[in-house]
There are 2 protein chains.
Amino acid sequence: MELQQNIKVAVDAIVFGYANNDLNVLLIKQKYGVLKNRWALVGGFVKDNETLISAVNRELQEETGIKVNYLEQLYTFGDDLDRDPRFRVISISYFALVNSTKFLIKADTDAEEAKWFNVNELPDLAFDHLLILKTAKERLQNKLTYQPIGFDLLPKEFLFSDLENLYCSILEKEIDRRNFRKKILSFGIVEETSKFGNKKNGRPAKLFKFNKLKYNKLHKEGFIFEINFA
Amino acid sequence: MELQQNIKVAVDAIVFGYANNDLNVLLIKQKYGVLKNRWALVGGFVKDNETLISAVNRELQEETGIKVNYLEQLYTFGDDLDRDPRFRVISISYFALVNSTKFLIKADTDAEEAKWFNVNELPDLAFDHLLILKTAKERLQNKLTYQPIGFDLLPKEFLFSDLENLYCSILEKEIDRRNFRKKILSFGIVEETSKFGNKKNGRPAKLFKFNKLKYNKLHKEGFIFEINFA
DNA sequence: ACAAAAGTGTTAATCTTACACCCATGT
DNA sequence: ACATGGGTGTAAGATTAACACTTTTGT
């Protein structure tokens, strides 16, 4: 039996947020060590007595203090033997979404700095983190069309125009405003509130909210969320 | 830095085949060791200097000698600390499809026996392999509807009725024969050959083949394969 | 002639797309 | 009064769903 093995197991999290009509990703920079002065995904080694998912949650807590809205396993990167120059490391990556109003990040510690970056204006990234990020972005684009995860990037109550812009900017597509609204409302999982947003210009717009319970119920009955526009 | 870690890394493959109108999965039984007399997925530990994907290919080769038609990473199982009673093991699982005409399996070695099982008549499985298999089956069902992977479970040339039965039996749904045929043919990626199949009964049926090159070309241009029937 | 599976078309209903004007507010 | 974004309906076209009889072969 192959008992001697020298492979380290790490987890990394790709944390997406949405603000100012743009998709952002959370990166950290360590002040010491190999990663000194290079931006990297949130992550670290898994402890012997810790599940993968709790390792991710621990790293998120320790390194950023952020509370995520959605978290799922993305992919395990282990086909590049030298992805970490120190030794063989495989990384189980996780995909996370946070509500843009919770954008507060733990104040910089002595050891680390955390910052949001526009996905289209990324700094140089450590290891193969650019590849991981690219994979995550593709997953986000795909999931957006068949699962109601866009709501996990928005505040509890949001403007329809924000939802629409989120779809346009992440999918990098033009969307017909009328058809989009009709489609979303036809699902019956987004509800009007009696409140109004506070944009500076133009006619005041109602705030809407996503009814997750109703979605879960419908989903169990076979309903499939789907947004697909030419 | 956490340099000491005691986690073993394994890969497992869920190999699906299709025969006699049923979905089958390839399992192995070791004659010695912990897995003695229990059926398990093909798999084993990853070597230090070996990529994950080559570990899977090596295990497939060593344990079954089978040539797969499709292989992709499925999920990494590592949230049950005791999934292996010996020590902490995480398993990166892979999802494979084989052409049913290549159903030949390496003759039993001294150490192992390999066998196909109907997915609905499974024996007791080792570790959390039943969970892994369930995850794989869900992936297969999902992918079948939006990627042309069903062809990887069929011989190069196949009867339309086999394709149809494959969809019905894996998706566990009734499908309208006429609409199904119309839909598939409308994509222009399945072509009639001039040969006929040799079923015993009824009117002889033409053999068809999947034009993968054409699919790849169309896919690049934005074509999306999709089969979705009520 | 009969059993068994293959092959084939039409229609109604639904869903998707394309498209433009008025509304409510702040300045 | 004008600038800014919010809110709304309709008609043509495309897609899907439902449905049954004829054809070819072997026995």
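Sequence lines set the chain letters: A, B, ... in the order given, protein chains first and strands last, and positions in each chain run from 1.
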Handout entry: A/T64 side, atom OG1; A/I28 side, atom CD1 - distance, nearest 0.5 Å
Key = 8.5 Å

Exercise for the section: Rounded to the nearest angstrom, tell me the gap between atom CD in B/E174 and atom C1' in D/dA18. Expected result: 14 Å

Handout entry: Protein-nucleotide distance (A/K206, atom NZ; D/dT8, atom C1'), rounded to Å
Key = 10 Å

Handout entry: Short side-chain N/O contact to D/dT16 OP1/OP2 from B/K183, under 4.0 Å
Key = yes

Handout entry: Interatomic distance where CG belongs to B/N198 and C1' belongs to C/dA5 [whole Å]
Key = 14 Å

Completion exercise
Smallest heavy-atom separation, B/Y70 atom then B/K143 atom, equals OH-NZ, 3.5 Å

Fill in the blank from the handout: From NZ of A/K195 across to C1' of D/dG6 the rounded distance in Å is 19 Å

Fill in the blank from the handout: note: A/L163, atom CG; D/dG7, atom C1'; distance rounded to Å ~ 15 Å

Practice task
Measure the acute angle between the ring planes of B/F225 and B/F187, then classify it against the limits of 30° and 60° as parallel, tilted or perpendicular.
Solution key: tilted

Problem - Between D/dA17 (C1') and B/K173 (NZ): distance, integer Å - result: 13 Å

Problem - Spacing of CG belonging to B/N57 relative to NZ belonging to B/K67, to within rounding of 0.5 Å - result: 8.5 Å

Practice task
For A/D176, report the nucleic acid contact type (base, sugar-phosphate, nothing); a contact means any heavy atom under 4.0 Å.
Solution key: base

Practice task
Round to a whole Å and report the spacing from CD1 of B/I175 to C1' of D/dT16.
Solution key: 14 Å

Practice task
From the options A/Y215, A/F210, A/Y18, select the one residue that forms a ring pair (Phe, Tyr, Trp, His ring centres under 6.0 Å) with A/F151.
Solution key: A/F210

Problem - DNA chain C base-pair string [pairs: Watson-Crick or G-U under 3.5 Å; |: paired with another strand] - result: |||||||||||||||||||||||||||

Exercise for the section: Between protein and nucleotides 20-27 of chain C, map the contacts as a letter string: B base, S sugar-phosphate only, - none, heavy atoms under 4.0 Å, written 5' to 3'. Expected result: B--BBSS-

Exercise for the section: Look at A/S161 and D/dG5 and indicate whether a side-chain polar atom (N or O) is within less than 4.0 Å of OP1 or OP2. Expected result: no

Exercise for the section: May I ask you to verify whether the side chain of A/K182 and the base of D/dT10 hold a donor-acceptor pair under 3.5 Å? Expected result: yes

Problem - is_close_aromatic(B/Y75, B/F77), centroid dist under 6.0 Å - result: yes

Practice task
Quick one: do A/N228 and B/I224 satisfy side chain to side chain contact (heavy atoms under 4.5 Å, CB included)? Show the steps, please.
Solution key: CA-CA 11 Å; A/N228 262 323; B/I224 293 174; 5.9 Å; no

Fill in the blank from the handout: CD of A/E72 to OG of A/S93, rounded to nearest 0.5 Å, is 10.0 Å

Fill in the blank from the handout: Among the nucleotides C/dT8, D/dG9, C/dT10, whichever has the atom closest to the side chain of B/R181 is C/dT8

Practice task
Mind checking A/F229 for me? I need base, sugar-phosphate or nothing, with any heavy atom below 4.0 Å counting as a touch.
Solution key: sugar-phosphate

Fill in the blank from the handout: In whole angstroms, the gap separating P of C/dT11 from CG of B/N179 amounts to 15 Å

Practice task
Answer yes or no: is there a side-chain heavy-atom contact under 4.5 Å between A/I227 and A/L144?
Solution key: no

